[in-house]
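We count ligands from 1, going down the list as the structure has it; atoms in each ligand are counted the same way. Quick caveat: nothing in here was measured; it's all calculated off a predicted structure.
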Amino acid sequence: MSPARTIVVGITGGIAAYKAVNVVRAFVLLGHDVHVVATPAALRFVGRPTLEAISRNRVHSDLYEGVAEVRHVAIGQGADLIVVAPATANSIAKLAAGLADDLLGNTILASTAPLVIAPAMHTEMWNNAATVANIAILRARGVTIVGPGVGQLTGTDSGSGRMEEPDTIVARALCVLDESVNDGQPVGQVQDLAGRRVLISAGGTREPLDPVRFLGNRSSGKQGVALAAAAAARGASVTLVAAHLEVAPPVGIDVRTVSTAAQLQDAVTEASHEADVIIMAAAVADYRPATVQTGKIKKDQVGQTLTLELVRNPDILSGLAASRRQGQIIIGFAAETEEDADALIAVGREKIRRKGCDYLVLNRVGWTTGFTTDDNAVVVLDVRGAIVKDASGTKMSVANSILDVIAHTTISD
Ligand code: C5P
């Protein structure tokens, strides 16, 4: 499997947009971080929820959304590859002219990533002199044109203009990506975690109060899932201990589902014996209710105030670090609310010393940052408290930055 990359799939407004779902799906199943930029017309052919569920990321369509984060250029700047499927005659004309009157046009113009397009239209439109000239312009600029194929079109007619099959588009696109990101070498050879067994905890634990209520936290598990996908793509054998994920775990890895901190501890401890690397990305409850009611707590029996007695959960990360096998690398996470950067680092330095892990991934969280978002910004501290990585971007690119640290680490004592 190739290392995970950030792929933008542009979808324009043709009936073949429904097949673009399979293009998105294939990239996701290969472990890539896929961001769909759909034109408003494309969203009339295929629904946003479908594309969001399949891509596991928000779908972007509106030029005037996310203005504060300069999204109209940020998406293109962060892309390793842009694939437009289907590319209608209209969108091809706009690309050839360099128009930026929608989010996809802006994204493409703002990007230096290779561009692959899969045209789809009726034969007459494909053969029209305007389209022929536009395709020639794009080819001359280095754009890869996949298809179109010949076959049944939308109506009763058939001929040239049918969008290539999703598997063909994906295969061609990955060849283009291989050549671009690795100096012409196939990226499939970059398997820098091959042979390493990586254990990752992700999500947030829930501590039950009674059969219907729990104490929990806002962790979505997206960063841990991105780590699992990226590690698998880089050749690692991955076990994911998953606590209430809001996103689907990657296919092809060992997933163990848990709910409470105690269950997470059992699962992680068992899997830790086999692990070369342990990444504790999960948000684990520090406290749990002292007693769990067998029936629902009823307010008319409790009165105006309810006092909960909580007891400390064991610190799983510290326990793993204290009983680690020789050579095992252990990474903790710390989500903190300090506004001041120096104060945040100071908290991290104190925490890595206390936890005894090899690296600590430190990020600022708040009401609107860190949790549940698609992007993240972290610093990685080593055991001496030095900053060894400062990474921001999509959770997938942050995951790869964290794994870069691990890929270059061996612990001998
Ligand atoms: O102390 P704090 O909760 O901030 O530490 C966060 C790190 O410790 C995370 O890596 C988390 O997975 C881990 N942790 C743990 N057991 C706990 C609480 C947190 O392993 N009870």
Side-chain angles (χ1 to χ4, degrees), residues 198-208 214-228 231 238-246 256-273 275 277-290 310-324 328-338 343-366 369-371 376 378-383 385 388-389 391 395 398-399 402-403 405-406:
V198 178
L199 167 63
I200 299 167
S201 71
T205 61
R206 291 181 182 177
E207 307 297 324
F214 59 83
L215 294 177
N217 60 69
R218 291 177 48 229
S219 175
S220 63
K222 285 182 183 174
Q223 187 61 76
V225 165
L227 278 161
V238 179
T239 298
L240 180 71
V241 173
H244 304 285
L245 302 182
E246 286 177 20
R256 305 184 187 178
T257 306
V258 298
S259 183
T260 63
Q263 290 169 2
L264 190 137
Q265 181 175 33
D266 289 347
V268 164
T269 304
E270 194 200 321
S272 69
H273 303 303
V277 178
I278 302 173
I279 307 178
M280 284 289 287
V284 183
D286 290 324
Y287 294 89
R288 67 182 183 280
L310 305 177
V311 292
R312 272 292 280 270
N313 278 329
D315 191 312
I316 305 164
L317 177 61
S318 302
L320 290 167
S323 62
R324 63 155 58 132
Q328 203 170 43
I329 301 172
I330 301 182
I331 297 105
F333 268 65
E336 306 293 346
T337 50
E338 269 68 17
L344 184 71
I345 300 285
V347 168
R349 288 187 173 136
E350 195 281 319
K351 188 158 285 189
I352 191 168
R353 191 187 53 71
R354 187 159 40 84
K355 300 268 186 182
C357 50
D358 302 299
Y359 296 103
L360 189 81
V361 180
L362 181 61
N363 68 330
R364 187 181 293 117
V365 292
T369 52
F371 290 129
N376 207 0
V378 305
V379 293
V380 182
L381 302 180
D382 72 7
V383 72
V388 291
K389 192 66 92 178
K395 287 188 171 171
V398 167
I402 295 167
L403 295 176
V405 174
I406 294 162

Nitrogen or oxygen of N313 less than 3.5 angstrom from that of ligand 1: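 It does not: no N or O of N313 is found under 3.5 Å from an N or O of ligand 1.
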
Verdict with reasoning, Y359 to K389, per side-chain contact (heavy atoms from CB on, under 4.5 Å): CA-CA 10 Å; Y359 296 103; K389 192 66 92 178; over 6 Å; no

Which of the ligand 1 atoms, numbered from 1, are nearer than 4.0 Å to a heavy atom of A285: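 Those qualifying, in numeric order: 21 (N).
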
Numbering as shown, the atoms of ligand 1 that approach G332 to under 4.0 Å (heavy-atom distance):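 Matching atoms, with element in brackets: 10 (O).
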
Working for side-chain contact (heavy atoms from CB on, under 4.5 Å), residues L310 and L215: CA-CA 10 Å; L310 305 177; L215 294 177; 3.6 Å; yes

How far is [atom] from its nearest protein heavy atom, and which residue and atom is that?
atom                    : answer
atom 12 (O) of ligand 1 : A282 O, 2.7 Å
atom 7 (C) of ligand 1  : F333 O, 2.9 Å
atom 10 (O) of ligand 1 : M280 O, 2.7 Å
atom 8 (O) of ligand 1  : K355 NZ, 3.1 Å
atom 2 (P) of ligand 1  : K351 NZ, 3.4 Å
atom 3 (O) of ligand 1  : D286 OD1, 3.6 Å
atom 16 (N) of ligand 1 : I316 N, 3.1 Å
atom 20 (O) of ligand 1 : L317 N, 2.7 Å

Working for side-chain contact (heavy atoms from CB on, under 4.5 Å), residues V405 and I331: CA-CA 10 Å; V405 174; I331 297 105; over 6 Å; no

Test log, rule side-chain contact (heavy atoms from CB on, under 4.5 Å), inputs K355 and M280: CA-CA 12 Å; K355 300 268 186 182; M280 284 289 287; over 6 Å; no

For ligand 1, the portion of A281 having any non-hydrogen atom under 4.0 Å away: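 It is neither; nothing of A281 touches ligand 1.
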
Gap separating the CD atom of E336 from the CD1 atom of I345, nearest 0.5 angstrom: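 Answer rounded to 0.5 Å: 11.0 Å.
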
Any A283 heavy atom less than 4.0 Å to ligand 1: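 Distance cut 4.0 Å: A283 fails for ligand 1.
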
pair I279-I406: side-chain heavy atoms closer than 4.5 Å: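 SC-SC contact between I279 and I406 confirmed.
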
Side-chain touch V365/T337, heavy atoms, less than 4.5 angstrom: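 Side-chain contact under 4.5 Å: yes.
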
Proximal candidate to atom 19 (C) of ligand 1 [heavy atom criterion; set N217, V268, V284]: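 The residue whose heavy atom sits nearest atom 19 (C) of ligand 1 is V284.
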
Residue selection (non-hydrogen contact nearest atom 21 (N) of ligand 1) among G224, A243, P314: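 Among G224, A243, P314, the closest heavy atom to atom 21 (N) of ligand 1 belongs to P314.
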
Sidechain N-carboxylate O distance under 4.0 Å for R354, D315: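 The answer is no: the pair does not qualify as a salt bridge.
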
Donor-acceptor pair, side chain of S220 and main chain of E246, under 3.5 angstrom: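 Judged by distance alone, no pair lies under 3.5 Å.
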
Residues that R206 engages under side chain to side chain contact (heavy atoms under 4.5 Å, CB included), provided they are two or more places apart: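 Expected list: F214, H244, S259.
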
